[in-house]
Amino acid sequence: MLFFINFKAYKESTGSNAVTLIRGIEKQFGDHPSIIAVLNPLDSLIDTKLTKFAQTADPLNPGAYTGHIPVGLLGGYRYSGVMINHSECKLTLEKIRDIVQMASEQGFRTLVCAADLKEVKEIVAFSPDYIAYEPPELIGGEISVSTAKPEIIQEAVKLLQGTGSKLVVGAGIKNRNDVRVSKELGAEGILVSSGVVKSPEPIGVIIEMMKEVV
Ligand code: G3P
């Protein structure tokens, strides 16, 4: 099971606070391969043993682009992969296809978010490493995807069977039980943000969740 922690653009998980959170995770878990930090682009230069994913990218090589994040630059920042199409950063299907293709060719892992089963079906055709099912209305809320949408998770698991893509689930995941239920439903990873980064004790929450992840 994989544990993607999306640092988003919260004050609590960017800049010096991102460094503090990352050092806390490293102190507890070293370079645990199941933990993946999905960093804000402003924090790309934070040096860490943790596996790092970018929060989005553009299907570009380095060059004269302003305000873009070229896939071709990610390696220089020691990213291992890229998350794209988060519901807070939506992309066209064409762009998703191009980023997945370019990132894979350059050796990066790819995580593509999907808001519903229709989008899961569309995205699986591009063969990303992971597809994260995240119902937008549950993001940042109190009810987890595993509690509110168990049958959709099971459907998504079926859809991905026999493909090279693994199912990750996210939205409202806050505790060990949410992780356990996600796993029982067939998810191979979780994507969490506020449950960790907005908690007064983020490391304590991660320790609890990791009891199910490992
Ligand atoms: O990318 C993770 C995400 O959108 C879920 O957010 O705050 O519900 O864990 P949250």
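Just so we're clear, the structure is a prediction, and the values are computed from it rather than from any experiment. One-based numbering, in listed order, for ligands and for the atoms of each.
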J.: Hey, does E88 come in under 3.5 Å of ligand 1, counting only N/O atoms on both sides?
T.: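 There is no such contact.
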
J.: Check ligand 1 against V192 and write out every atom of the ligand that is under 4.0 Å from a heavy-atom position of the residue.
T.: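 Here the atoms of ligand 1 in question are 9 (O).
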
J.: Would you say L159 has more than 12 foreign heavy atoms packed within less than 6.0 Å of its CG?
T.: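 Enclosed: over 12 neighbouring heavy atoms sit under 6.0 Å from CG of L159.
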
J.: Within less than 4.0 angstrom of ligand 1, does G172 place any heavy atom?
T.: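 Under 4.0 Å: yes for G172.
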
J.: Mind checking whether Y10 has an N or O less than 3.5 Å away from an N or O of ligand 1?
T.: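 Among all N and O atoms of Y10, none is under 3.5 Å from an N or O of ligand 1.
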
J.: Compare H86, K174, E134, K198 and give the one whose heavy atom is closest to atom 5 (C) of ligand 1.
T.: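 Looking at heavy atoms only, E134 sits closest to atom 5 (C) of ligand 1.
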
J.: Going by the order shown, which atoms of ligand 1 are within less than 4.0 Å of some heavy atom of A171?
T.: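 Result: 5 (C), 8 (O).
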
J.: Identify, for atom 9 (O) of ligand 1, the protein heavy atom at the shortest distance, and state residue, atom and that distance.
T.: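 Ranking protein heavy atoms by distance from atom 9 (O) of ligand 1, first comes S193 N, 2.8 Å.
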
J.: Counting both backbone and side chain atoms, is some N or O of G141 under 3.5 Å from an N or O of ligand 1?
T.: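 G141 vs ligand 1: no N/O contact under 3.5 Å.
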
J.: Return the closest protein heavy atom for atom 6 (O) of ligand 1 as residue, atom name and distance.
T.: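 I find the closest protein heavy atom is K8 NZ, 3.4 Å.
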
J.: Following the transitive rule for hydrophobic clusters with a side-chain heavy-atom cut-off under 4.5 Å over Ile, Leu, Val, Met, Phe, Trp and Tyr, establish whether F4 and V213 coincide in one cluster.
T.: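 As far as the 4.5 Å side-chain criterion goes, V213 and F4 are not connected within one cluster.
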
J.: In the protein, what heavy atom is nearest to atom 7 (O) of ligand 1, and what distance, to one decimal place, separates them?
T.: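 Protein heavy atom with the smallest distance to atom 7 (O) of ligand 1: S194 OG, 2.5 Å.
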
J.: At less than 4.0 angstrom from any non-hydrogen atom of G140, what atoms of ligand 1 do you find?
T.: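 In order of numbering, the contacting atoms are 7 (O), 8 (O), 10 (P).
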
J.: In a table with atom names and distances, give each donor-acceptor pair under 3.5 Å that connects a side chain of residues 14-28 to protein atoms at least two apart or in another chain.
T.:
{"from": "T14", "atom 1": "OG1", "to": "Y10", "atom 2": "O", "distance (Å)": "2.9"}
{"from": "N17", "atom 1": "ND2", "to": "K11", "atom 2": "O", "distance (Å)": "2.7"}
{"from": "T20", "atom 1": "OG1", "to": "S16", "atom 2": "O", "distance (Å)": "3.0"}
{"from": "R23", "atom 1": "NH1", "to": "E26", "atom 2": "OE1", "distance (Å)": "2.8"}
{"from": "R23", "atom 1": "NH1", "to": "E26", "atom 2": "OE2", "distance (Å)": "3.3"}
{"from": "R23", "atom 1": "NH1", "to": "D47", "atom 2": "O", "distance (Å)": "3.0"}
{"from": "R23", "atom 1": "NH2", "to": "D47", "atom 2": "O", "distance (Å)": "2.9"}
{"from": "E26", "atom 1": "OE2", "to": "T48", "atom 2": "OG1", "distance (Å)": "2.6"}
{"from": "E26", "atom 1": "OE2", "to": "K49", "atom 2": "N", "distance (Å)": "2.9"}

J.: For ligand 1, does N6 get within less than 4.0 Å through its side chain, its backbone, both, or neither, judged by non-hydrogen atoms?
T.: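 The answer is the side chain of N6.
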
J.: Is a salt bridge present between E122 and R97, judged by a nitrogen-to-oxygen distance below 4.0 Å?
T.: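 Judged by the 4.0 Å cut-off on N to carboxylate O distance, E122 and R97 do not form a salt bridge.
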
J.: If you draw a 6.0 Å radius around CZ in F126, do more than 12 non-hydrogen atoms from other residues or ligands fall strictly inside?
T.: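 Buried by this count: over 12 neighbours within 6.0 Å.
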
J.: Do I96 and L111 belong to the same hydrophobic cluster, where Ile, Leu, Val, Met, Phe, Trp and Tyr are linked whenever their side-chain heavy atoms lie under 4.5 Å apart, directly or via other members?
T.: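 No, I96 and L111 fall in different hydrophobic clusters.
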
J.: Quick check: are there more than 12 heavy atoms from other residues, nucleotides or ligands sitting under 6.0 Å from NZ of K90?
T.: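 Counting other residues, nucleotides and ligands, NZ of K90 exceeds 12 neighbours.
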
J.: If you count every heavy atom of other residues, nucleotides or ligands that lies below 6.0 Å from E94 atom CD, does the total exceed 12?
T.: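 Open.
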
